[in-house]
There are 2 protein chains.
Amino acid sequence: MEHEDPRARILDAAEELFYGQGIQAVGMDAVRSASGMTMRRLYQHFPSKNDLVEAYLLRRDGRWRASLAVYVSRSGGTPREQLLAVFDWLGRWFAEPGFRGCAFVNSLGELGATTPAVAAAARHHKEEFGGYLAGLAEAAGAPPTTAVHLTLLAEGAITAAAVHGDPTAAADAKQAARILLDAALPR
Amino acid sequence: MEHEDPRARILDAAEELFYGQGIQAVGMDAVRSASGMTMRRLYQHFPSKNDLVEAYLLRRDGRWRASLAVYVSRSGGTPREQLLAVFDWLGRWFAEPGFRGCAFVNSLGELGATTPAVAAAARHHKEEFGGYLAGLAEAAGAPPTTAVHLTLLAEGAITAAAVHGDPTAAADAKQAARILLDAALPR
DNA sequence: GCAACGTGAGAACGATCGTTCTCACTGGCG
DNA sequence: CGCCAGTGAGAACGATCGTTCTCACGTTGC
């Protein structure tokens with residue numbers, strides 16, 4: 001466990017700290033001590049804090065979307081049920097200890113105006129998520145606009161859950177999604 | 001114009017800087033020079049940066065919600081049309097130059113974990129907004145759950161517009177809101 | 001055995017930040 | 001006129017940050 005890939009150990013520590021406290025609130029020394037590294041080795045793997053931040057966002061994007069896709073595909077229902085399962089996955093995420101909203105929205109608000117790479121990472125993450133929902137919607141036979149609507153509901157649920165610290169936003173969004181799907185897919 | 005209330009001049013400068021660049025990215029010296037103040041006078045009105053941040057959020061909350069309420073009430077339609085006018089107002093906001101998402105969500109992501117007053121301000125802002133939509137929904141004869149759904153759509157539209165820099169999220173959300181209202185208020 | 005090198009641990013450096021202090025100066029009051 | 005309370009302008013201070021440097025030490029190759 002401790003002979004892990006040093007890069008992974010650093011990214012693990014960085015992710016927990018950056019996501020939990022905000023990027024600017026975490027100094028490189030905190031990352032160093034949390035990862036059990038020395039300064040030299042830390043900067044060997046990530047030549048600057050910006051590089052570490054970008055790697056953090058990139059890895060989190062991949063893991064987040066993979067976790068969602070695995071959950072949804074294992075839910076094993078119809079495409080319509082898979083679209084609704086997205087909100088179940090959101091509800092589980094919201095209930096995780098330490099949930100603090102979307103890492104990309106948070107980093108965008110904090111650094112988006114000054115660090116273009118952060119803004120680009122957030123845009124990419126949201127585009128991929130929207131594209132994923134669009135794919136599910138297409139499989140369900142729903143028009144693309146419905147996918148956009150569900151994307152907005154999901155985004156809103158993430159924000160609401162973060163602000164109020166209340167995971168029920170996922171169930172609320174799921175309920176609305178069901179109504180929209182029913183309207184788009186008359187049975 | 002320049003003999004304005006010093007407090008207002010400071011808050012004007014702070015709002016533009018904090019909202020446009022993030023709170024931590026703006027130093028007190030930048031606020032001082034942008035407001036044409038001296039350090040002494042700046043700290044006379046706001047004894048610490050935290051006080052200034054809280055005042056910034058408080059004033060922005062009041063102005064934001066007042067501007068929305070004025071727009072909606074002047075739209076002069078039925079309660080149902082007023083609910084939809086909320087999304088028109090959002091669209092105008094998104095198209096304003098310098099739009100960078102919700103100031104409260106941004107500050108929550110940046111400072112929410114370390115500054116309870118910021119988290120409380122964000123919660124208050126979102127609760128007031130949700131309550132406002134709930135009032136409109138009640139007047140329209142829609143169930144409270146519909147108000148929650150529209151609130152999630154509005155939140156999602158704000159986030160989407162901020163991430164993609166694209167004001168059309170407001171029209172998308174309005175379209176979804178219409179569907180939800182039609183389902184809740186059969187005519 | 002020894003020289004060369006890479007590493008650990010942390011001090012050091014320069015920049016920046018929030019906040020306070022200095023100091024010359026101004027205007028009102030006796 | 002003389003005094004003093006308050007101000008403007010900005011330097012100063014202590015803390016913190018990102019990043020680099022020092023230096024003693026252990027290891028490796030000859």
Side-chain angles (χ1 to χ4, degrees), chain A residues 2-58 106-107 109-118 121, chain B residues 2-58 106-107 109-118 121:
Chain A
E2 58 182 2
H3 338 111
E4 225 178 338
D5 176 18
R7 246 187 104 89
R9 283 179 63 187
I10 295 170
L11 284 172
D12 287 344
E15 177 159 5
E16 176 161 341
L17 291 168
F18 287 160
Y19 178 69
Q21 310 179 29
I23 292 171
Q24 310 218 59
V26 172
M28 288 297 273
D29 196 68
V31 176
R32 176 203 59 78
S33 86
S35 60
M37 292 278 151
T38 171
M39 271 303 192
R40 175 194 285 266
R41 282 172 70 75
L42 179 53
Y43 274 89
Q44 261 173 353
H45 290 283
F46 300 97
S48 76
K49 188 179 183 180
N50 257 327
D51 293 310
L52 180 56
V53 169
E54 288 176 34
Y56 147 62
L57 292 175
L58 190 69
N106 290 349
S107 63
E110 196 175 349
L111 301 170
T114 50
T115 311
V118 168
Chain B
E2 57 182 3
H3 338 114
E4 225 178 336
D5 175 19
R7 246 186 104 88
R9 282 179 64 187
I10 295 170
L11 284 172
D12 287 345
E15 177 159 6
E16 176 160 341
L17 292 168
F18 287 160
Y19 179 70
Q21 310 179 29
I23 293 171
Q24 311 218 59
V26 172
M28 288 297 273
D29 196 68
V31 176
R32 176 203 57 79
S33 85
S35 60
M37 292 278 151
T38 169
M39 272 302 191
R40 174 193 286 266
R41 281 171 71 73
L42 178 53
Y43 274 89
Q44 261 173 352
H45 290 283
F46 301 96
S48 76
K49 188 180 182 179
N50 257 327
D51 293 311
L52 180 56
V53 169
E54 289 175 34
Y56 147 62
L57 292 175
L58 190 71
N106 291 349
S107 63
E110 196 175 348
L111 302 170
T114 50
T115 310
V118 168

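Throughout, protein chains are lettered first and strands after them, A, B, ... in sequence-line order, and every chain is numbered starting at 1. Just so it is clear, the values below take in all heavy atoms, side chains as well, and ignore hydrogens, waters and symmetry mates.
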Next on the checklist: Does A:Arg9 form a salt bridge (charged side-chain N to carboxylate O under 4.0 Å, His left out) with A:Asp12? I'd like the steps, not just the answer.
Outcome noted: CA-CA 5 Å; A:Arg9 283 179 63 187; A:Asp12 287 344; over 6 Å; no

Checklist entry - Within the pair B:Arg41 and D:dT7, is there a side-chain N or O less than 4.0 Å away from OP1 or OP2? => result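 So the side chain of B:Arg41 is outside the cut-off, no N or O lying under 4.0 Å from OP1 or OP2 of D:dT7.
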
Quick one: does [X]'s side chain get under 4.5 Å of [Y]'s, heavy atoms only?
X        : Y       : value
B:Arg41  : B:Ile10 : no
B:Ile23  : B:Lys49 : yes
B:Leu111 : B:Gln24 : yes

Checklist entry - With the sugar-phosphate defined as primed atoms, P, OP1 and OP2, and the base as all remaining atoms, what B/S/- string results for nucleotides 10-26 of chain D, 5' to 3', for protein heavy atoms under 4.0 Å? => result B-------SBB-BB---

Checklist entry - Under 6.0 Å from the CD atom of A:Glu16, do we count more than 12 heavy atoms belonging to anything else shown? => result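 Incorrect, the count does not exceed 12.
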
